[in-house]
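Residue numbers start at 1 and run along the sequence shown. Note that the structure is predicted; figures quoted are calculated from it, not measured.
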Amino acid sequence: MIAGCARAQAREEILVSYRCILAAKDYEALLGLNLTPQQVSAIAGADSLYFFGLHYVEAGDEKTAVRFFTEGKKYSTPYFARLCAGELTRTGTASARLTAAKQLYRENPADIAACAGYAENLRNAGDYRGILRIAKNADMEKILSPGDDSAITSDRSVFAGMVIEALLAEKNEDFIPLLEQWVTDRTFTAEHIALLERIYGKDDEPRMKTIRETLRTAEQSYPERMECISAVVRMRSAVFQREYGEAADQAALLAAGEPVFPGAVYSDMGRALLYGSQDHKANAELFLSIADKAADPESRFMGAFYAARCFNQSENSSAEMYLTAMELAANPAQYDNALWYYLTTLLAEDRNRTIQALEEFAPRWNDPDYFSDFMDRLSAELMAAREWDSYYRTYHFIRDYAAPSAAAQFSFVTARLLEDGYISPSVHTSDPEKERREYLLTAYSRDHGSLYYRVLAADRLNIPFEDISESFLYRRQREEFEPDTDFEALLTGYAEFGLPERVYPAVRASSMQPGRVQLRLNTAAYLAEKLYDAGERDPRLYADSLRLMAASIAEVDTPVTQDILKKLYPRPYRGYVSDAASLFGLEEHLLYGLIRTESYFDKDAVSHAGAIGLAQLMRPTAGDVARKLKVPEYDLLDARTNIFFGAYYLSELMGRLDNVPILALFSYNGGITRVRNWVRAAGDLPPDLFLETVPFAETRDYGRKVLSAAVLYGYLYDDMSPAQIVHEIFAD
């Protein structure tokens, strides 16, 4: 028995050393060990062969990788054996990959991924007839049917593209209807671009010359049909790549021929003309004609919808155009889309009519969350215009139909309007205090994800700290939660065998699958901790750790504990944050809230606007800070520098804004001049109601997010009550 324990301890020590080498990606050491699959399997289990094989691929030793994948295919559990089989189709010599792909296909002839992988290897070998043999046994109608290619259906596009290329190479005119269907019925993807660049490109490889000869022959035999296909290809490719000028030119050619297309083509045509053409009135007339003549409901809706959008870009803007699109909607998502544009357009024209329309249509919308941004904008406009009675009225008819977060917002603000006397009790209620508490309780207790309104409502209700903490930790548990233990084992293996960078991308990809993968919260927390620990070597993993937890906590199978919340609100770069906060007179929880909101702790983050690093500083701002701090040279991608610059800038803004943190946060996001103008326009409104008047949705949301994050940091690490932090940030 003692000997057995010693052997187990020795195996564990060896396993730890293996994992250390893999985590460091020390491939010189890995290759120097000359490991065999049998050795690794005996120490770490047969399933680990898959992960070791991936490392050997990264190390450039495909020969050894093939040995590990081959052994893994034989001896791993079925899930990992299938993964190893898939890697063999992409690893090693061309002939070995082809053999592996053929075997995998024969074992799984109905698996579209296996079909696509085999077809790709056959194409690389120049065996187009082999691809057509696979196609004979495949359900091509299903493969080419309309659909979204964002998930596993991308394999359908890959395979369909291979079949089309094979028909072209074999000079088979059957390619025409398949190509036509493939480029018109389906969502356009990167797979479309890749194939179309090959067959329409300038590659002078012999087989590609043959393909283009087939295309030229078809163009001579069927000029109108092939010209139409070519125009669709060019238009949709340009839209996919956001080259809207070129897309609009091709859309005009298509429109001139007056062909009938599926809705997917009209959707891209709409974007092409909306963003790439200035003749909005003519474009609107074109889409009205499509709505009138199209044969299928999807196309009629697209015609009416883009007619409305184009009219709204012209001088003849009218929200009522969207009502026709709503009537023609082929599904609930289209109805909500048209209704959102109707309400948003109407809001720009007339707030009173918007409220009337909202009262009519709110009971009919399908997905209340889809309208949350509109509700936030309506709230801000009503507050800025000081239309208190309209706000009160709106709340009362949307509270049963709005998304929980929007209902919480309106209920809290309505309570505050009553409390501060902006709404006259004599008009609306005989017991304003009872009504106020009712609204606050709704904002506090309703099942919503807005921590911000929950915290503010709890403060005004004087709810005990213990009850507030329970509300922090509350999340509705999903019924019939069925975790995918194989997928969890894959993610755990990535984390434990030195491939943490693959964890979150795999989770993100799985979320797009039909019947999305469900991940247990405890598993997610374990993985998040592994990613966080790996963040020292690769700081991008800090952000992945947070994103993983944020995705998992939305749909949980167990109660949320404080330990799990700490995974969602971690403290990387702790020394830098502590030093910067102390030096510039800031609270650590506020600085952490800002950095988490700005960058998710990704020190290499660069925004579309050009903001850089952890605290997302613009270069001119950083230059100004550097001059004031007398730092002649600096690197904004250096974590310490970025945190210190951001802390100094926030502290300076506070000093210029009477030490009111919420105003400094708004200025950090939207600029101090704008904030001063907003403060003047808001008059004597208290800070929490002033936030609701800020005209920029991004800045409003930014203030809420930073405050909420600061509350969590203070609560989790400093034993502070939410009320303390709320009053600190609002300076009231």
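The closest side-chain donor-acceptor pair between Gln278 and Gln313, if any, does not fall under 3.5 angstrom. Under 3.5 Å, the side chains of Asp296 and Ser299 contain a donor-acceptor pair of N or O atoms. The closest side-chain donor-acceptor pair between Arg234 and Ser230 falls under 3.5 angstrom. With 3.5 Å as the limit, one finds a donor-acceptor pair spanning the side chains of Asn312 and Tyr322. Residues Tyr222 and Glu173 have side chains that bring a donor and an acceptor to within less than 3.5 angstrom of each other. Looking only at atom types and distance, the side chain of Arg309 has a donor-acceptor partner in the side chain of Tyr341 under 3.5 Å away.
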List the steps, then state whether ring-ring contact (aromatic ring centres under 6.0 Å, His included) holds for Phe159 with Tyr118. CA-CA 9 Å; Phe159 181 59; Tyr118 186 26; 9.8 Å; no
CA sep, side-chain torsions, deciding dist, call: Glu107, Lys102, side chain to side chain contact (heavy atoms under 4.5 Å, CB included): CA-CA 9 Å; Glu107 293 169 356; Lys102 181 178 182 180; over 6 Å; no
Show your reasoning for whether side chain to side chain contact (heavy atoms under 4.5 Å, CB included) applies to Leu546 and Met549. CA-CA 5 Å; Leu546 288 185; Met549 285 307 300; 5.8 Å; no
Show the numbers, then the answer: is there a salt bridge (charged side-chain N to carboxylate O under 4.0 Å, His left out) between Glu180 and Arg225? CA-CA 9 Å; Glu180 190 171 45; Arg225 189 175 186 184; 2.8 Å; yes
Pair Glu120, Arg123 - check salt bridge (charged side-chain N to carboxylate O under 4.0 Å, His left out), show working. CA-CA 5 Å; Glu120 192 161 7; Arg123 177 199 170 273; over 6 Å; no
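Across every non-hydrogen atom of Tyr266 and Val260, the tightest pair is OH-CA, 3.6 Å. Taking every heavy atom of both residues into account, Tyr342 and Ala357 meet most closely at CE2-CB, 3.9 Å.
Ring centroids of Phe371 and Trp365 are separated by less than 6.0 Å, placing the two rings close together. Between Tyr335 and Tyr370, the ring center distance fails the sub-6.0 Å criterion. Aromatic ring centroids of Tyr600 and Tyr542 lie 6.0 Å or more apart.
Judged by distance alone, with hydrogens and angles left aside, the side-chain atoms of Asp336 form a donor-acceptor pair with the main-chain N or O of Asp367 at under 3.5 Å. Distance alone, capped at 3.5 Å, is enough to place a donor-acceptor pair between the Thr210 side chain and the Pro206 backbone. Here the side chain of Asn108 pairs a donor or acceptor atom with the backbone of Leu104 at under 3.5 angstrom. With hydrogens and angles ignored, the 3.5 Å screen pairs a side-chain donor or acceptor of Thr354 with a backbone N or O of Leu347. Within the 3.5 Å criterion, the main-chain N or O of Ala605 finds a donor-acceptor partner in the side chain of Gln616. A distance-only check finds a donor-acceptor pair linking the side chain of Thr344 to the backbone of Trp340 [under 3.5 Å]. With hydrogens and angles disregarded, no donor-acceptor distance shorter than 3.5 Å links the side chain of Thr345 to the backbone of Ala319. The main-chain N or O of Glu213 is found under 3.5 Å from a side-chain atom of Thr217 such that the two form a donor-acceptor pair. Remark: the backbone N or O of Glu488 is paired with a side-chain donor or acceptor of Thr492 at under 3.5 angstrom. Under a 3.5 Å cut-off, the side chain of Gln103 and the backbone N or O of Thr99 do not form any donor-acceptor pair.
Using cut-offs of 30° and 60° on the angle between ring planes, the pair Phe69 and Tyr50 is tilted.
No salt bridge links Arg540 with Asp604; every basic N to acidic carboxylate O contact stays at or beyond 4.0 Å. Using a 4.0 Å cut-off between charged side-chain N and carboxylate O, Glu170 and Arg129 make a salt bridge. With salt bridges taken as basic N to acidic carboxylate O contacts below 4.0 Å, one links Arg82 and Asp111. A salt bridge does not link Arg156 with Glu191: none of the charged nitrogens is closer than 4.0 Å to a carboxylate oxygen. With respect to Lys705 and Asp701, a salt bridge is recorded, a charged nitrogen being found less than 4.0 Å from a carboxylate O.
Annotation: side chain of Lys73 is in contact with side chain of Leu88 (closest heavy-atom distance under 4.5 Å). The shortest side-chain heavy-atom distance between His192 and Ser237 does not fall under the 4.5 Å cut-off. The shortest side-chain heavy-atom distance between Ile193 and Arg236 does not fall under the 4.5 Å cut-off.
Counting heavy-atom neighbours within 6.0 Å of Arg364 CZ, excluding the residue itself, gives a total above 12. Counting non-hydrogen atoms of neighbouring residues, nucleotides and ligands closer than 6.0 angstrom, the CZ atom of Phe361 exceeds 12 such neighbours.
A side-chain contact (heavy atoms from CB on, under 4.5 Å) with Thr184 holds for exactly one of Asp268, Ile229, Val233, Val265; it is Val265.
Listed by first and then second residue, the ring-ring contact (aromatic ring centres under 6.0 Å, His included) pairs involving residues 275-296 are Tyr244-Tyr275, Phe287-Tyr306 (not counting sequence neighbours).
Taken from CD1 in Ile164 to CD1 in Ile131, the straight-line distance is 11.5 Å, to the nearest 0.5 Å.
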